[in-house]
Amino acid sequence: MQLVAAELVESREILPGQWLQAFHAPALTVGSRAGQFVHIRPGDFSGLILRRPFSFNTVDRTTGVITIHFRAVGRGTAWFTRLRPGDRVDMLGPLGRPFEVDPRSRHLLLIAGGLGIAGVRMLVDDALRAGREVTLLFGAASAVEVYPSNLLPDEVEYVVATDDGSLGHSGYVTDLVPAYEAWADQAFACGPAPMLATLARLAAGRSARLGVARLGPKPGRGAGRSGGAARAALPGSPAARRKSFLQVSMEQNMGCAVGACLGCVVMDTSGVPQRVCREGPVFASDELDWEGGW
Amino acid sequence: MIGPAAVDLSLELPRGLRLDNPILVASGTFGYGVEYSEVVDIQRLGAICCKGTTLHARVGNRPPRVTETPAGMLNSIGLQNPGVDAVVRKYGPTWQGWHVPVIVNVAGESIDDYVEVAKRLDGVPGVAGIELNISCPNVGKGGLQFAIDAEAAGAVTAAVRRATELPLLVKLSPNVADIRPIARAIEAAGADAISAINTLSGIAVAPGRRRPLLGNVYGGLSGPAIKPVALRIVYEVAQVVDIPIIAIGGVAELGDVLDYLAVGAVAVQVGTVLFADPTLPVRLIDELADECRRLGLDSYLPLVGTALPKRSSPRSASSAKGVEYRP
Ligand SMILES: Cc1cc2nc3c(=O)[nH]c(=O)nc-3n(C[C@H](O)[C@H](O)[C@H](O)COP(=O)(O)O)c2cc1C
Ligand code: FES
C-alpha cells in the first residue's frame, strides 16, 4: 500500500456516462492483482471529503499505466470526468484482496453486470496470459450499455445478455450461467447485489450437484459451510476464495479503505461483519449472507 | 532542514500524559493505529485515540454505514469492536513498543460497563490514557445518552475516575442545548481533560427515496462541515472549565488548528479528513512548528485562548489542577 501522484494520460467516454481513464502510476502496477482496487482523492475544492474506490480495470506493467472504468453518477465521479491529460491525482493502493485462481483451473467463467465489468476486466488479461480459457458473460439493461467488444482481447468468448433483448440473450445474464456450469472450473463475478445473490444461489446448487470435483473433492460439503471447511479456510483467507466455485467482488460505501473505520462491511454467514476494503473486496460466495437484506 | 527541534510543541497533560505535539488522531478514524502504518509515520503523532472499546464484543450496525455529505460524512458504525479483553490482548503488546501514546476510547451502556472497561485497562502497558465516549444510550436511564445530561455525565466520569489512575479524557457530544453545565459536571467529577466534539446526529435518504440510506437510519455527521459547531462548543467550554480541552471537528489544515487553539483548545484531533489525506496530521505538526517560528515563539502555548473574551479575574486556585495551558 502506498500513496502515489498519478498522472492522467487518457480519458474517454466509452459508453453514455461511462468513462475509461488511464493513469501513469508505475508504482501501482507492481504487485497489483486482479480484484484489488485504488482509493482516489477528488480535488478538495468542491467539498468532496471522501476518496472514491475504483477496481484496477487494467494494469500494464511495461508502460506503467493503470486504467479505471466508472459511471459518472454523483459529484465525485463527475469531478473525475473533468480531469485533463497531465492532471495529477492522489491514489492510495493497491488495496484489498484479489481473486484467487486455482493453479489447476483451465476454464474461467467471468460474469459481469454493467459497471461490474471493471471488477473482473483485469482478470481476463491475467487468465489469458496464464494460458487459461475465459468466457465472459456480460449483462446490461440494453444494447447502448453493452461493453464494447473491441476493448476485450480476441481470445475471450464474450456472451451478452440485455434485459430488453436489444442485444444478445433477452433476459438476465444469470440465465446464461447454467450452460457453462459444467465447463467452468471456477467462476468470478462483479455487479449489482441481486445479480451476485442469484449467482451465489446457483453456485451453491452447483456445488451440491457437482462438488468441486475437478479441483479436488470436498467430501460432504453442501451449500452451507461445514465446520471443517470453516476452520481450514477462514473468511477472507485466500484459501477460502480458491476453494469456492464462485468468487464475488463486492461493493460498499467506503471511508478509509485501509480497514480502520469499519464503514464498508458486508455480513458473512455467521453474522460477522467483513470489511470489503480489507477482507474483500473479493469473497468466496459461500462466505457471505445473501439473505440478510442489508 | 528547518526541524521542529527549535520549537517545543510538547504538551504536558495531567497525570503525566506527555505528548510530543498537540496533533492527535480521532477515535474511530484511525483504527488501532496499525492500519495506516504503511503510509503514515505514526510514531510522530501526538497520540492515537483508538476505536471505541466496550466490555463485550459488538458486531455494530447494519450496512450501509457511511455516506458522504457536503464537506463531511455520516457514519453509523455502531461501535463494532472485539471487546476490551481482545483489544488488550491483540494490540497491547504492539502499543507497548510504540513511542506514540495510545489513548483507548471507551464506550458503554451503563456506568458499570464503563467502570469495568476502565479497570481492565488500568495498568495495561501500552495504554496511555482513557477517553470516555459518553454519547451512548444509558440503559439505566431509559436509553438517554450520558452526554446530554449533566448529572449522568458527571456520574459516569466520577465512577471511572475512582476505578483508574490512568489519565482520563471525557468526550463531549454536540447534540445538547447547553454544553456548559455538562462540561462543568465532568470537570467537577475529576476528568483530566475534555475532548470536544463527537459527531452531530443526522440522516441521509437512499437513492430512490424510499427509505433512509444508513442501515441504522441515524448517523453521526463529521468533517469540515461541523467545524463551526465544534469551534463554538470549545469556545463555550473554555470559558467555564480549567481542565485542558482537546478540540475535534473537521480539522483539514493548519488554519483549523490555529482557530481551535485561539478559542481555548490545547490540542486537536484529526478525524474524517484523514480518510482523504492520511499524511495530514504529520504535516500539521511541521506546519505548526513553522508557524511558531514565523511568529518568533519557541512554544505554541501563547496561541491558546487568544480569541476568548478577557477574563475579569484570574481563576487562580483551580488552575493549579491543570497544566500551564493558557496564557
Ligand atoms: C467512521 C467514524 C467512526 C467513529 N467512531 C468513534 C468512536 O468509536 N468513538 C468516538 O468517541 N468517536 C468516534 N467518531 C467520532 C470522531 O472521533 C470525531 O469526534 C468526529 O468524527 C469529529 O471529528 P472529524 O470531523 O475530524 O471527523 C467516529 C467518527 C467517524 C467518522
Ligand atoms: S472503508 Fe474503512 S474499514 Fe473499509
Side-chain angles (χ1 to χ4, degrees), chain A residues 1-5 27 39-53 73-77 79 89-95 192-193 250-268 270-278 280 288-289 292-294, chain B residues 25-40 48 50-52 57-82 204 207 213-216 219 222-225 250 252-253 271-280:
Chain A
M1 182 204 309
Q2 49 187 316
L3 279 164
V4 304
H39 211 32
I40 313 184
R41 182 181 183 188
D44 56 6
F45 40 76
S46 43
L48 302 172
I49 201 67
L50 297 178
R51 287 173 182 256
R52 301 294 192 274
V73 279
R75 296 190 311 133
T77 38
W79 183 87
V89 294
D90 175 349
M91 290 191 182
L92 178 65
L95 300 167
M250 300 298 290
E251 275 191 26
Q252 187 53 281
N253 296 355
M254 287 191 186
C256 66
V258 302
C261 75
L262 308 175
C264 63
V265 303
V266 293
M267 295 300 179
D268 77 7
S270 23
V272 178
Q274 301 291 331
R275 296 168 296 186
V276 169
C277 73
R278 220 30 211 215
L288 298 180
D289 172 16
W294 37 267
Chain B
V25 288
S27 173
T29 63
F30 212 72
Y32 296 92
V34 297
E35 293 83 352
Y36 271 111
S37 58
E38 281 177 56
V39 288
V40 181
I48 292 170
C50 82
K51 177 67 195 164
R58 284 176 58 103
V59 292
N61 291 330
R62 293 157 68 86
R65 291 176 170 184
V66 295
T67 187
E68 191 179 61
T69 61
M73 67 179 283
L74 283 167
N75 88 81
S76 65
I77 309 302
L79 290 173
Q80 181 187 334
N81 80 99
L213 185 148
L214 297 171
N216 181 54
S222 63
E253 57 183 36
T272 301
V273 176
L274 271 167
F275 298 155
D277 190 1
T279 59
L280 173 69

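All values below were derived from every heavy atom in this structure, side-chain atoms included, with hydrogens, water molecules and symmetry-related copies excluded. We name chains A, B, ... by the order of the sequence lines, and we start the count at 1 in each one.
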Enclosure of A/Glu251 CD (heavy-atom neighbours >12, cutoff 6.0 Å)
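Count not over threshold, so no.
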Taking side-chain contact (heavy atoms from CB on, under 4.5 Å) as the test, write out the residues that go with B/Ala225, two or more places apart.
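For B/Ala225 the side-chain contact (heavy atoms from CB on, under 4.5 Å) partners, ignoring immediate neighbours, are B/Ala71.
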Is the shortest heavy-atom distance from the side chain of A/Ile49 to the side chain of B/Val273 under 4.5 Å?
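In short, these two side chains touch, coming nearer than 4.5 Å.
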By a 4.5 Å heavy-atom criterion (distance strictly below it), what part of [X] contacts chain A: side chain, backbone, both, or neither?
X        : result
B/Thr69  : backbone
B/Leu214 : neither
B/Asn61  : backbone

To the nearest 0.5 Å, tell me how far [X] [atom1] sits from [Y] [atom2].
X       : Y        : atom1 : atom2 : result
B/Met73 : A/Asn253 : CE    : CG    : 9.0 Å
B/Asn75 : A/Leu262 : CG    : CG    : 10.0 Å
B/Glu35 : A/Met1   : CD    : CE    : 9.0 Å

Among B/Val66, B/Leu274, B/Thr29, residue most engaged with chain A (heavy-atom pairs, under 4.5 Å)
B/Val66
Please report the closest heavy-atom contact between [X] and [Y], naming both atoms and the distance.
X        : Y        : value
A/Gln252 : B/Pro63  : NE2-CB, 3.4 Å
A/Arg51  : B/Pro278 : NH2-CD, 3.9 Å
B/Phe275 : A/Cys261 : CZ-CB, 3.6 Å

Contacts of type salt bridge (charged side-chain N to carboxylate O under 4.0 Å, His left out), residue B/Asp277, not counting sequence neighbours
A/Arg41, B/Arg283
For the pair B/Arg65 (side chain) and A/Val265 (backbone), establish whether a donor and an acceptor sit closer than 3.5 Å, ignoring hydrogens and angles.
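No, because the side chain of B/Arg65 does not come within donor-acceptor range (under 3.5 Å) of the backbone of A/Val265.
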Check whether A/Ile40 gets within reach of chain B through its side chain, its backbone, both or neither, counting any heavy atom under 4.5 Å.
neither
